[in-house]
Amino acid sequence: MLLAPDAQAQVGDYRNDFVIGFNGGYQLNKIAFENSIPQDMLGGINFGVTARYTCEKYFNTICAIQIELNYAELGWKERIESIDGLPCILQTGAHTGEAAAYQRRISYFQIPLLAHLGWGREEKGAKFFLNMGPQFGFMLSEKATTNFEYEDALKTDPERVSPECAQYAMPVEKKFDFGITAGLGMELSMKKVGHIALEARYYYGLGNIYGDSKQDHFSRSNHNSIVFKGTYLFDIVRTKNAKRKK
């Protein structure tokens with residue numbers, strides 16, 4: 001063994017690339033309640049800063065770690081309708097004669113920690129990429145918008161298909177949110193300009209906004225989000241003498 005020659009095998013091409021920038025887009029969200037509540041997706045903004053470190057190109061795969069610090073608007077928008085799909089008209093209160101409406105907007109500070117895998121050009125061209133990893137959120141505020149008093153929620157004609165109303169008087173109990181996210185996108189790299197990326201991403205919350213014990217009203221109340229965003233990144237550090245696909 002002492003006479004055996006020393007051998008090393010390099011599996012991937014080393015990279016030391018670091019980019020930072022900003023991102024922004026539009027988010028669609030709903031809450032998956034255990035007791036079914038008809039909903040439409042609630043739209044909101046999603047924006048923040050992005051940092052990415054590329055450590056290796058493994059065969060044709062560009063391997064990196066990406067972190068974001070984002071402000072995001074989540075929540076839910078109820079679809080208050082009858083069993084026949086008709087709008088439920090309020091029978092009492094200041095908005096008598098109007099279709100009942102309710103939405104709750106919940107603002108978060110979010111931190112996605114992502115594995116970034118890319119295929120294609122590293123500079124002067126396009127690449128496709130996959131982002132995936134855990135995401136953590138911290139609630140900043142919440143605001144309900146409605147046209148009825150909570151005690152009059154069931155006083156409609158026709159009757160609501162869902163009699164569930166407990167959520168109206170329940171503020172968010174759990175301020176910390178966590179889940180998993182994954183997205184697909186395309187990035188265009190241009191020398192002396194930077195990197196422009198477009199991405200569609202899905203987030204599934206593993207935590208609930210309300211208590212989920214046997215004594216609580218909802219056993220499930222987690223976020224489900226679809227995000228469409230654009231990102232602009234510029235180079236801070238680039239690997240010297242790297243063999244890149246031009």
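A distance of 5.5 Å separates CD in Glu56 from SG in Cys63, rounded to the nearest 0.5 Å. Leu233 CG to Phe22 CZ: the interatomic distance, rounded to the nearest 0.5 Å, is 9.0 Å. To the nearest 0.5 Å, the span separating OG on Ser221 from CD1 on Ile31 amounts to 7.0 Å. The CG atom of Asn222 lies 10.5 Å from the NZ atom of Lys30; values are rounded to the nearest 0.5 Å. Interatomic distance, Glu123 CD to Arg238 CZ, rounded to the nearest 0.5 Å: 5.5 Å. Atoms CD and NZ, from Gln91 and Lys155 in turn, are 11.0 Å apart once rounded to the nearest 0.5 Å.
Put simply, the side chain of Glu142 gets close to the backbone of Val172: a donor and an acceptor are under 3.5 Å apart. Without hydrogens or angle criteria, Asn29 side chain to Gly75 main chain gives a donor-acceptor distance under 3.5 Å. A donor-acceptor pair is defined here as one N or O able to donate and one able to accept, closer than 3.5 Å; no such pair exists between the side chain of Arg105 and the backbone of Lys77. Remark: side-chain polar atoms of Thr156 are not paired, donor with acceptor, to backbone N or O of Leu90 under 3.5 angstrom. Proximity of a side-chain donor or acceptor of Glu73 to a complementary backbone N or O of Ile45 within less than 3.5 Å is detected.
Between Asp235 and Asp17 there is no side-chain heavy-atom pair separated by less than 4.5 Å.
Between the side chains of Asn16 and Tyr53, a donor-acceptor pair is found at a separation under 3.5 Å.
Within 6.0 Å of the CD1 atom in Ile65, the count of heavy atoms belonging to other residues, nucleotides or ligands does not exceed 12. Annotation: Lys175, atom NZ; neighbour count of heavy atoms from other residues, nucleotides and ligands within 6.0 Å is above 12.
Scored by the ring-ring contact (aromatic ring centres under 6.0 Å, His included) test, Phe129 finds His116 as partners (sequence neighbours excluded). Residues satisfying the side chain to side chain contact (heavy atoms under 4.5 Å, CB included) criterion with Lys229, sequence neighbours excluded, are Asn23, Asn46, Glu68, Asn70, Glu199, Arg201, Val227, Thr231. Among residues two or more places apart in sequence or in another chain, the side chain to side chain contact (heavy atoms under 4.5 Å, CB included) test is passed with Ala153 by Phe148, Arg160, Cys165, Tyr168.
In this structure, Trp76 and Tyr210 have perpendicular ring planes: the angle between them is above 60°, well past the 30° mark.
Aromatic ring centres of Phe176 and Phe138 lie closer together than 6.0 Å.
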For the pair Asp212 and Glu34, evaluate side-chain contact (heavy atoms from CB on, under 4.5 Å) and give the outcome as yes or no after the intermediate values. CA-CA 10 Å; Asp212 50 15; Glu34 180 66 26; over 6 Å; no
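Contact record, Gly211 with Lys174: CA-CE, 4.0 Å, taken as the closest heavy-atom pair.
The existence of a salt bridge linking Asp40 and Arg79 is confirmed by a sub-4.0 Å separation between a basic side-chain nitrogen and an acidic carboxylate oxygen.
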